[in-house]
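Below you'll find the structure, written out as structure tokens, and then a few comments.
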Amino acid sequence: MGAAFDTIAFKASLCDGCGDCMTTCSKVKQGASRISIVPGAAEAVFELAICRQCGDPKCAMVCPSGALTKDGGSGVIGWNSDKCIDCLLCTAGCAYGGIAVDQSVSRVAKCDQCDGDPECVKACPTGALEFRKAGSIYKEYGEREDLFVPGLSGCLGCNSELIMRHAMRKIGRNSVLATPPGCIPGMGSVGYNGKTGTKVPVFHPLLTNTASMLAGIRRYYDKIGRKDIVVMALAGDGGTADCGFHAVSGAAERGEKILYVCVDNEGYMNTGMQRSGTTPYGSWTSTTPVGEHMKGKTQDAKNLPMIMAAHKCRYVATASTGYMEDLYEKLDKAIEASFEGFSYLHIYSPCPTGWRIPSSKVIDACRLSVETNFVTLWEYTPQTGIRFTRSPDNALPITAYVKMIGKYRHLSQDQLDHIQTKVDEQVALLRIMAAESPPPPPAHRQPAAPAASPAPAIGGDASQPPVRREISRN
Amino acid sequence: MSKVIVCDGNEAAAWGACLSRPDMVAVYPITPQSSLVEYLAKFIAEGKMTADLVDVEGEHSVLSVLHGACLAGARTYSATSAQGLAFMFEPYFRTPSLRMPMVVSLVTRDAVSPTCVWGGQQDAMTVKEVGWIHMYCETQQEILDTIPIAYKVAEHPDVMLPVNVNHDGNYLSYGVARVELPDQEIVDSFLGEKNVNWHACLDPERPMAVDPLTGGAGGIGPSTFVKYRKGQCSGMQMALQVIEEAHADWGKRTGRYWSPLIEEYRMEDAEVALVTIGSMTGAAKDAVDEARLDGRKVGIVKIKTFRPFPVQRIAKALSKVRAIGVVDRAVNFGWNSGPVFQEVLGALYHLPVRIPAMSFIGGLAGADITVEHFARAIDRTNRLAAGEAATLPVWLNEND
Amino acid sequence: MPEAKYLLVGSSHAALEALRSIRHFDPDGSMAMITRDQQLPYSPTILPYVVSGRSKPEAVLLRDEAFFEANACTFAPNAVATGLDAKTRSVTLASGESWRYERLLIATGAAPAIPPVKGIETVRFHVLRSLDDAQGLRTAMGGARHAVVLGAGLVGLHAAENMAEAGLSVTVVEMQNHVLPGYFDAKASERIESAFIGHGVKLLLGCKVVAVEPRDGGHSCAVHLEDGKVLQADLLLVATGVKPVTDWLAGSGVDLDRGVLVDETMRTTAPDVWAAGDVAQATDFHTGKRALIGIIPTAVDQGRIAGQGMAGDTYQKAYPGGIPVNTYRFFGRVALSIGQAAASDGVEVSEREDGGYRRLVMSDNRLIGYASIDEPFDVGIMGELIRRKVDLSPVMDAFIARPVETGRRLMSEQWR
């Protein structure tokens, strides 16, 4: 297995050139800043030079003293000041200006990611710098047991499969999994003809009763003292938002202690791409086709996660596989919350087959859906209200997202305008709700530690979640 | 020493459930079942029951919550009626095919429309083909006693099927009678160790896939789906014996021996017979007693266990009579008769002789089937025995 | 007879990079690295720092035994290659042993070039190419007072600085008119020269040694210069350049010029034989002809390409040509150069001398060389601007005024 590492990512479009990152770095490192923001080609455009912590670092390969080595754990290229002979050959090896001479000491200096907590990122007021932890997620969970059979029969590039495998690696064997009718059992989670597709207890609920069945399971295990089992669903949007909604709503209202993950691919993809209540306006589906008299869906999607927030669930969050570190953080919180009450995670999940996008573009679609605010990433608890986990500021126009999705190929300018208007309305409403919430940390930053948090964090109150016991492999 | 109380049928059912110590009850109110779940809630609030009470958002979830609990190993109970049963139908259909051994009381009620909220058996009769065991009770005491018996049957390894213990809405649900409450120890020793989910479970300690996609052909065998269906049928047939054993065992422990499959009333020398089901049987017995005073040799075969249908026992009980009148509280659309009538005709096919029979339909939407109604039915059946042709079903309450 | 699918002769930067790129593609193929050195791999560039005492000999090793174990590569020191038979695919060692190979990398580097000075064979002198040389020189410094250094290249100047700092009187004799010829133009060189003069080092530039002879029973020597002057030296360091170690390849079928001739994929003329590093004579980026550019960055580039070719990695890219690079420290100061930094004919030159010294060399609005003294720049970024032939006309003013900042911007725009 290859290695993957965390990285400091730069979003040039958000950088206003304030230089706070450099000031902070210089102060923390007591010398020249190891991050360099320089003016770009146009007014108010900025560019970045920083160590990329390359996979095959030429700086290290040209070093005659062995002073530069890539750390197998963090991926950071470390500089050993004792070994370094100050020959500066490394500066010739780096094409990125990532290791440069600090003239104050006449020695080279480079970014060390501040031991996994980069100060520059924390200092950035606009979110242009982001510390992406996908690498450590990959390393931590890549080694974990995959709880599905290797040969699931999903479509090429299926995002739901990605979600399933990631989620279950994280949740582990001490769990009971409901996969109601849809793509997930369709690709074999519950298996066929007596053979299972999953290593945890798994079942088909009815499309309509997932949350209720899970409530029954959880309640009985709680009653007999087996409180550490994650009782969860990986359900589609149709069964959640439409015909199974009574069960979801009822379970949420009763505060059933379950983890309900809705994988939203905006329609009934498994049965041939029919419209659902979460299909967005304008979408082609097989029941909202495009012809002379119909140009796709004529109604807007219902915003299910907001509806769930209105249930005052223990935890509600939206997530996207384009933002795995965000998804993983939310999954952690959602798991924890599911021992305390109803925990709802809504993962937006582009479907290459049903949406007509190339399978290689699924993650691009995820990212663009967020970058255009078509999808917003936020979380909710009753104590903190709604909080954006990624700022909706500086969004791209929705055309940047819509144009890559085949199911919107036919849209007229009027329809595009409608979508933009609805996206803007939705974001405006969320902003109002988020603004009325207790002050959150800035949207792009790590959530504050529980101690510094203005309200109790998930599970931070008296009723501690059970210490989970993992079921060993067999 | 058993305690004696005076209560209605809904409370008797609640006591039956209480004594069976379910782990979970899920409830949603509907007339005429509502007081039953209120009693359950009260018992739990008072600590008489330790079951987890789940007040869900509808009958669909009533059964769904119990499905989950059952697959985790819980003994479960609920009750419903008519429209509630209709809304429950999707998970209801699945309960026996997943072999979930739960007990649900049906407080029988006629089905809309026209809108009505009163007794009748159209609800229970409509779901007779789904695969649940159906037992119909005649009295408040029988309701109470049948519920522990139903658990014993449902959880029997040879059966593993859900049981509906049915009692008539209004007449039994609200009618008050003397009821003996057996000691908890008697019920505990009768039921023994709970054994709910030995075959299908959702337990991380022994992970399995519950209900994989299964076809009628291909896969691990050419007849995987058939294998399951045959197993379900076999469980149903095995239940005939288990039901008898359970009733006998209950009788031994409580002194109350209920007829497990059918009850034969004054059938020894009967020349004509009425077939009844449920609470109507009391009035029928009075009518038979009066007819006997007049010298007419009339008897009654009361059906307690309607599913599995005790074909051989019914055929044998009716083999000596010259005419049969079957009284239904529901309609079998398409046959222009009552559903029990059709079932009895099927059983009679096993006899070497053809016995004339007629369908009587009464007691719809809370109407009473009085002794007088039964006297008319006996009269008409006697004429049938005397050679008068059978007619279209007789609607007993048509002119009430 | 020992054998390996991949046989690497040599153990410095080129061979180590070849090892890495082979293993990137083929984790299992058998591999051996044989070297004439006694130690685990080290870089010749480190040696002046061993001489000065800044680096301890045991701390300069680039890889440990665990590395070779982890990479499933046999490491064989003390293995002096004496012959190659490309037909039977075997390398003969001085010990008489032979190694069979399927694919061979020649990375034997270079050895000091000893100038044809009369009497040189009669005197005791030092060179600086191996760790043993460095330790020998360091020991000799301790007992010497008058040092003479032949050659004002990097090795000579580093050693001269070390010895001057150690209190010796030092004279450097250089045939050319300036130190570090080729890397720096005259103005830059003069800054370096004045630093040496300021630290008491005598620089005899444009000066030729005609003969040496032993004195004092061989404990010292006399160095006769062209102009008749005679220098007394109790420590003589010959640092007049290096020449590729190709003697063992005579008659092997591997075509030689000044070094081993290789194509743009580092293949030699013999089948399944590659060469990389100081021993290889590969394309020069500037001239397009094959030349010796004995520096670490080119050794690494060549080693990677050779390794990819040996392993059959289709990601292999053709060698773009070597670009000279020099990062030089003297008395704590910084001198950097890349490309045609000293060129003056047919090029546009921009020089600045306020404080530091900076020289940008352009041709057709493209950077071809850059040198500076006391004003560091991102050598790698400038190297990419040269290699990619980036048209600087849209940013020329900014680049001339603020080359580092503009270079970073161009990097960020173009290859981030």
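Below, chain A is the first sequence line, B the second, and so on; all start at residue 1.
Ranked by heavy-atom pairs shorter than 4.5 Å toward chain B, the options A:Tyr220, A:Tyr221, A:Phe203 are led by A:Tyr220. Comparing A:Ile217, A:Leu177, A:Asp222 by how many heavy-atom pairs each has under 4.5 Å with chain B, the most go to A:Ile217. Counting heavy-atom pairs closer than 4.5 Å to chain B, the top residue among A:Thr196, A:Thr179, A:Val231, A:Asn209 is A:Asn209. The residue among B:Ala74, B:Gly58, B:Ala26, B:Cys70 with the most heavy atom pairs within less than 4.5 Å of chain A is B:Ala74.
Residues satisfying the ring pair (Phe, Tyr, Trp, His ring centres under 6.0 Å) test with A:His204, not counting sequence neighbours, are none.
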Sequence neighbours excluded and cut-off under 3.5 Å, please list the side-chain donor-acceptor pairs for residues 153-160 of chain B, or say none.
residue	atom	partner	partner atom	Å
B:Glu155	OE1	B:Arg75	NH2	2.9
B:Glu155	OE2	B:Arg75	NE	2.8
B:His156	ND1	B:Asp158	N	3.0

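Salt-bridge check for A:Arg219 with B:Asp52: passed, with a basic side-chain N closer than 4.0 Å to an acidic carboxylate O.
Contact of A:Leu214 with chain B is not made at all, since no heavy-atom distance falls under 4.5 Å. Both the backbone and the side chain of A:Thr208 come within contact range of chain B, with heavy atoms under 4.5 Å apart.
Using non-hydrogen atoms only and a strict 4.5 Å limit, the part of residues 238-254 of chain A facing chain B consists of A:His246, A:Ala247, A:Gly250, A:Arg254.
Residue pairs meeting the salt bridge (Lys or Arg N to Asp or Glu O under 4.0 Å) criterion with at least one partner in residues 77-99 of chain B, sequence neighbours excluded, are B:Arg94-B:Asp211.
The shortest non-hydrogen separation linking A:Val200 to B:Pro207 is C-CB, 3.8 Å.
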